[in-house]
S.K.: 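Can you keep this structure in mind? I'll have questions shortly.
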Amino acid sequence: MGSSAGSGSSYDYAFKILLIGDSGVGKSSLLLSFISSHVDDLAPTIGVDFKIKHLTVGGKRLKLTIWDTAGQERFRTLTSSYYRGAQGIILVYDVTRRETFANLADIWAREIDLYSTNQDCIKIVVGNKVDKETEKMVTREEGIAFAQQYGCLFLECSAKTRENVEKCFEELALKILEVPSLLEEGSAAMKRNISKQKPEDHASEVGGCCS
Ligand SMILES: Nc1nc2c(ncn2[C@@H]2O[C@H](COP(=O)(O)OP(=O)(O)OP(=O)(O)O)[C@@H](O)[C@H]2O)c(=O)[nH]1
Ligand SMILES: [Mg+2]
């Protein structure tokens with residue numbers, strides 16, 4: 001289920017962001033931590049879920065629709081279509097479980113190649129659960145090396161302590177704002193929204209809003 005701010009809220013750009021990675025790495029927790037500043041113990045996601053968050057970065061008002069996909073294999077067939085039109089993708093691994101890091105290359109980067117429709121889409125690799133310092137199995141240097149190899153941004157964070165959680169989404173959004181082709185899509189979505197609110201203006205908008 002999605003939540004959204006009340007109608008009448010305005011923004012400069014609307015972006016679609018996707019969270020992917022193995023089951024249990026903390027995708028839903030990161031999203032909850034970002035949206036509501038607290039984390040509960042969550043059950044595995046079934047299929048897909050999304051939340052809407054408004055924020056201002058780089059002087060622009062953004063509406064982020066953040067899609068939280070299930071990591072469990074049995075739900076994967078449902079989630080491939082959610083890559084479509086995403087301007088940003090967050091690849092999450094658990095710094096205490098090495099296999100979740102290996103699967104970024106073996107599974108998740110491949111899924112992006114298969115399903116992502118935006119060539120210019122911005123990606124960020126996020127190592128979550130850094131609060132579990134003594135159990136850490138993947139070093140920051142390894143994370144950075146992987147991210148560089150795949151042309152992604154990189155951050156380590158904790159959904160639990162909220163360390164770097166906002167930064168993950170803000171850095172991704174800032175980078176999207178630097179890419180003209182992604183901005184164009186973001187603003188087209190805004191135009192459609194405005195024309196929905198003001199039907200009388202629709203005719204004059206039609207020529208300009210086709211993507
Ligand atoms: N210590 C610690 N635990 C975390 C952190 N983030 C998530 N967890 C825990 O890890 C477990 C899995 O978190 P989820 O957010 O459900 O993981 P998910 O990636 O959404 O999993 P799927 O929905 O199955 O794909 C939960 O018990 C969380 O409380 C973190 O930063 N630190
Ligand atoms: Mg989940």
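Scope of the values below: all heavy atoms of this structure, side chains included, with no hydrogens, waters or symmetry mates. Counting starts at 1 for both ligands and their atoms, in listed order.
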S.K.: Taking Lys60 first and then Asp12, would you say they form a salt bridge - that is, a charged N and a carboxylate O separated by under 4.0 Å?
M.R.: no
S.K.: Please check if any side-chain donor atom of Trp67 sits under 3.5 Å from a side-chain acceptor atom of Asp49, or the reverse.
M.R.: no
S.K.: May I ask you to identify, for Ser28, whether its side chain, its backbone, both or neither come under 4.0 Å of ligand 1 on a heavy-atom basis?
M.R.: both
S.K.: Look only at interatomic distance and state if Gly24 has a nitrogen or oxygen under 3.5 Å from any nitrogen or oxygen of ligand 1.
M.R.: yes
S.K.: What is the nearest protein non-hydrogen atom to atom 16 (O) of ligand 1, stated with its residue, atom name and distance?
M.R.: Leu42 CB, 3.8 Å
S.K.: Hey, is ligand 1 close enough to Asp68 that some N/O pair sits below 3.5 Å?
M.R.: no
S.K.: If you have a sec, work out which protein heavy atom is nearest atom 26 (C) of ligand 1 and how many Å separate them, to one decimal?
M.R.: Asp41 OD1, 3.9 Å
S.K.: Would you kindly say whether Asp94 and Asn128 are connected by a side-chain donor-acceptor distance under 3.5 Å?
M.R.: no
S.K.: Which ligand 1 atoms, with their elements, are less than 4.0 angstrom from a heavy-atom of Lys132?
M.R.: 1 (N)
S.K.: Near Pro44, which atoms of ligand 1 are under 4.0 Å from a heavy atom of that residue?
M.R.: 23 (O), 24 (O)
S.K.: Quick check on side-chain contact (heavy atoms from CB on, under 4.5 Å): which of Val48, Val92, Val126 does Leu19 satisfy it with?
M.R.: Val92
S.K.: Report yes or no: does Ser28 have an N/O/S atom closer than 2.8 Å to the Mg ion (ligand 2)?
M.R.: yes
S.K.: Output yes when Glu156 and Lys136 qualify as a salt bridge under the 4.0 Å nitrogen-oxygen rule, no when they do not.
M.R.: yes
S.K.: Which protein non-hydrogen atom lies closest to atom 6 (N) of ligand 1, naming both residue and atom, and how far is it?
M.R.: Asn128 ND2, 3.1 Å
S.K.: Using only heavy-atom distances, determine whether the side chains of Asp22 and Gln72 contain a donor-acceptor pair under 3.5 Å.
M.R.: no
S.K.: Is there at least one pair of N or O atoms, one from Ala159 and one from ligand 1, spaced under 3.5 Å apart?
M.R.: yes
S.K.: Look at atom 17 (O) of ligand 1 and say which protein heavy atom is nearest, naming residue and atom and giving the distance to 0.1 Å.
M.R.: Gly26 N, 3.1 Å
S.K.: Hey, is ligand 1 close enough to Gly71 that some N/O pair sits below 3.5 Å?
M.R.: yes
S.K.: Salt bridge or not between Glu178 and Lys175? Use side-chain N to carboxylate O under 4.0 Å.
M.R.: yes
S.K.: Please determine if the Mg ion (ligand 2) has an N/O/S atom from Thr45 lying under 2.8 Å away.
M.R.: yes
S.K.: At less than 4.0 angstrom from any non-hydrogen atom of Lys160, what atoms of ligand 1 do you find?
M.R.: 1 (N), 2 (C), 30 (C), 31 (O), 32 (N)
S.K.: What I want to find out is whether Glu163 reaches Lys167 closely enough, with some N-O distance under 4.0 Å, to be called a salt bridge.
M.R.: no
S.K.: For the residue pair Glu184 and Ser181, confirm or rule out a side-chain donor-acceptor distance under 3.5 Å.
M.R.: no
S.K.: On the 0 to 90° scale, with breaks at 30° and 60°, tag the Tyr115-Tyr83 ring pair as parallel, tilted or perpendicular.
M.R.: tilted
S.K.: Within a distance under 4.0 Å of any heavy atom of Ser158, pick out the atoms of ligand 1 and give their elements.
M.R.: 31 (O)
S.K.: Answer yes or no: is there a side-chain heavy-atom contact under 4.5 Å between Phe169 and Ile66?
M.R.: yes
S.K.: My understanding is that we take every heavy atom of each candidate and find the minimum distance to atom 3 (N) of ligand 1. Doing that for Lys27, Glu163, Arg162, Lys129, which one comes out nearest?
M.R.: Lys129
S.K.: At under 4.0 Å between heavy atoms, which part of Asp22 makes contact with ligand 1: side chain, backbone, both or neither?
M.R.: backbone
S.K.: For ligand 1, indicate whether the residue Asp131 contacts it via side chain, backbone, both or neither (heavy-atom separation under 4.0 Å).
M.R.: side chain
S.K.: Looking only at protein heavy atoms, which one is nearest to atom 24 (O) of ligand 1, and how far off is it?
M.R.: Ser23 OG, 2.6 Å
S.K.: Less than 4.0 Å between a side-chain N and a carboxylate O, is that true for Arg98 and Glu142?
M.R.: yes
S.K.: With respect to Ser29, determine whether any N or O atom, backbone or side chain, lies less than 3.5 Å from an N or O atom of ligand 1.
M.R.: yes
